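Let me give you the structure first, and then I'll get to my questions.
All figures in this text were calculated on a predicted structure; none of them were measured in a lab.
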Amino acid sequence: MTEDSAQPFSFRFHGSSFDNMVETLGGAFGAFDAEPVGRAKDFHWGLDFSVADSAVLLTGYHEAEFQFNIEPTVSTAEYLSVVVPRRGGMGVAYGPRKAEAGQGKLLLYNNFEPDSVLMHGEGNVIDELLINWPVILQTIGQTFEMPFSGSLDLLPELDLSTPVGRTIGNLTETIIIGMRDDGPLLQSPIAMAHMTQALADLIVRMVPHRLSHFLERGPALIAPKHVRRAIEFMQANIDQPITMLKVAEAAGVSSRALETGFRAFKGTSPAAYLLTLRLRATRQDLLDPESKETMKAICLKWGFFHFGRFSSVYKATYGEYPSDTRKRVSRR
């Protein structure tokens, strides 16, 4: 890409009005408050989108600097954005903390978290790969085998000169190339899902965040026999109304020893671990396009007898309501 190219892509959406750009973005990603920084006689911009089940590619061009604040609503999709600056850059602010994307540096951020986002001006060109947050949450669940909610506190800046930066950057580029202009990844949903999952796994395992210390324990820390016996009993009986007392008895230890073992070797309580197993089994059924079971039947099958509470826990774990999961699968 040359520095003097006026507009490097052929955008499906473009114009010279700031309000029109905000309206176009709002229609795709939900409400947000935006304003230009300084005065611009004409605000030339261009946008393009490529949409898959697990991710969205947003390519944007604009000539003047502007700032926006996301205002999440119940209909706003949550995602992890991997920002690849082609020319210029952008930054996010979390109170006094700031992070920037620029030459040789990627930016990672959850769209619900920053207080503000600043898009640099002077012919700025940005690619953003938006990974659906449920993909990240599912990766966390599979990696750490524990329920998770709240901020991941992911390190926002990624240096492309480091081995981790190059690895994540190269895979991100491959996905972007495969999505752009109705590319081959959009023609193969299975390949797209595998590529997105691989990127999510790399980010969760290689980029520092609030759960990274669990990875530092390494594979040598093998759980003792009573913890393994408890997990085997849980897996064999997740569709039964078992109690932690029954789990402890099956493991051959006291309830207190069971709790201590899980806290030390799994980083969570045995009850929370069982909840994770049940949520995972429920989600697998909801994601099965061949399943004819009703949502109520699936919930009861895996031990969830209060649908309202189940729906809230499911949303906190996977970033979407169970009904959204089922609808997404039925659209395929």
Side-chain angles (χ1 to χ4, degrees), residues 28-29 48-60 77-86 89-90 92 99-102 104-114 126-145 148 151-212 214-215 280 283-284 287 317-320 325 328-329 332:
F29 298 103
D48 212 341
F49 308 97
S50 298
V51 181
D53 282 343
S54 55
V56 174
L57 172 62
L58 166 63
T59 302
E78 187 173 6
Y79 53 79
L80 176 69
S81 178
V82 184
V83 179
V84 183
R86 304 302 182 183
M90 64 175 283
V92 294
E100 291 276 337
K105 191 164 57 176
L106 301 182
L107 179 66
L108 308 173
Y109 74 96
N110 175 298
N111 65 311
F112 278 24
E113 294 180 9
I126 295 287
D127 273 328
E128 282 195 66
L129 182 62
L130 314 178
I131 304 173
N132 292 350
W133 192 244
V135 175
I136 303 297
L137 291 178
Q138 184 170 357
T139 304
I140 292 170
Q142 293 171 343
T143 303
F144 300 102
E145 297 185 325
F148 173 80
S151 173
L152 188 57
D153 289 334
L154 194 72
L155 184 72
E157 295 181 356
L158 197 58
D159 189 339
L160 290 172
S161 68
T162 65
V164 170
R166 285 195 298 272
T167 302
I168 292 176
N170 288 339
L171 182 53
T172 300
E173 287 284 7
T174 300
I175 295 173
I176 288 174
I177 293 169
M179 293 181 70
R180 198 188 306 280
D181 297 327
D182 199 27
L185 283 180
L186 298 186
Q187 313 308 314
S188 176
I190 293 177
M192 181 68 203
H194 284 314
M195 296 281 283
T196 309
Q197 183 60 60
L199 180 57
D201 190 72
L202 283 173
I203 291 172
V204 168
R205 290 181 179 275
M206 293 185 174
V207 180
H209 51 76
R210 62 181 280 200
L211 301 179
S212 294
F214 290 113
L215 293 171
R280 190 178 301 164
R283 183 169 175 82
Q284 288 174 347
L287 287 170
T317 304
Y318 295 112
E320 61 183 2
T325 304
R328 182 158 50 82
V329 172
R332 293 178 181 175

Does any N or O in the side chain of Gln187 come within less than 3.5 Å of the main-chain N or O of Asp182, such that one atom is a donor and the other an acceptor?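 Yes, the answer is positive, given that a donor and an acceptor are paired below the 3.5 Å cut-off.
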
Heavy-atom side-chain contact between Leu171 and Thr167 under 4.5 Å: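 Not in contact.
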
So which heavy atom on Gly89 is nearest to which on Pro85, and how close?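 The answer is CA-CB, 4.2 Å.
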
Between OG1 of Thr172 and CD1 of Ile176, what distance do you get to the nearest 0.5 Å?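 With rounding to 0.5 Å, OG1 (Thr172) is 6.0 Å from CD1 (Ile176).
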
Should Val83 and Ile126 count as side-chain neighbours, where that means a heavy-atom distance under 4.5 Å?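 Yes, at least one pair of side-chain atoms sits under 4.5 Å.
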
Arg86 and Glu173: CA distance, side-chain angles, deciding distance, salt bridge (Lys or Arg N to Asp or Glu O under 4.0 Å) verdict: CA-CA 12 Å; Arg86 304 302 182 183; Glu173 287 284 7; 2.7 Å; yes

Mark yes or no for whether Asp201, through its side chain, and Gln197, through its backbone, hold a donor-acceptor pair below 3.5 Å.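 Between the backbone of Gln197 and the side chain of Asp201 there is no qualifying donor-acceptor contact (under 3.5 Å).
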
Given Glu128, Met179, Arg180, the one that forms side-chain contact (heavy atoms from CB on, under 4.5 Å) with Thr59: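 Only one option passes, and that is Arg180.
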
Do Leu215 and Thr143 come within less than 4.5 Å of each other through their side chains, counting heavy atoms only?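 In short, these two side chains touch, coming nearer than 4.5 Å.
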
Taking all non-hydrogen atoms of both residues into account, name the closest pair between Arg283 and Pro134 and its distance.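 Scanning both residues, the minimum pair turns out to be NH2-CB, 4.0 Å.
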
Quick one: OH on Tyr318 to CD on Glu78, what's the gap to the nearest 0.5 Å?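 One finds 15.0 Å between OH of Tyr318 and CD of Glu78.
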
Are Leu155 and Leu108 packed together at the side-chain level, in the sense that at least one heavy-atom pair is separated by less than 4.5 angstrom?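 They are not in side-chain contact.
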
Can you tell me how far the CD1 atom of Ile131 sits from the CG atom of Asn110, to the nearest 0.5 Å?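 Rounded to the nearest 0.5 Å, the CD1-CG separation comes out at 11.5 Å.
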
Could you pull out the closest heavy-atom pair between Gly169 and Leu160, with the gap in Å?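 Answer, listing the atom of Gly169 first, then Leu160: CA-CD2, 4.0 Å.
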
Taking all atoms of both residues into account, what is the closest heavy-atom pair of Ala101 and Leu106, and its distance?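 Answer, listing the atom of Ala101 first, then Leu106: CB-C, 4.5 Å.
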
Could you measure the distance from the CE atom of Met90 to the OG atom of Ser81? Nearest 0.5 Å is fine.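 Here the rounded value is 6.0 Å.
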
Where do Leu185 and Met192 come nearest, in terms of heavy atoms and distance?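 Taking Leu185 first and Met192 second, the nearest heavy atoms are O-CB, 3.5 Å.
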
Would the distance check show the side chain of Asp159 and the main-chain N or O of Ser161 forming a donor-acceptor pair, the cut-off being under 3.5 Å?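 Confirmed, Asp159 side chain pairs with Ser161 backbone.
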
Mind checking the CG-CG spacing from Leu158 to Leu107? Nearest 0.5 Å is all I need.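 One finds 10.0 Å between CG of Leu158 and CG of Leu107.
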
How close do Leu137 and Gly319 get, heavy atom to heavy atom, and via which atoms?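 The answer is CD1-N, 3.1 Å.
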
Is the closest side-chain heavy-atom distance between Ile203 and Val82 below 4.5 Å?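 In short, these two side chains touch, coming nearer than 4.5 Å.
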
For the atom pair CD1 (Ile136) and CG (Leu152), what is the distance rounded to the nearest 0.5 Å?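 Result: 8.0 Å between the selected atoms.
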
So, does Asn111 use its side chain to make a donor-acceptor pair with the main chain of Tyr79 at under 3.5 Å?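 Yes, Asn111 side chain to Tyr79 backbone: donor-acceptor pair under 3.5 Å.
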
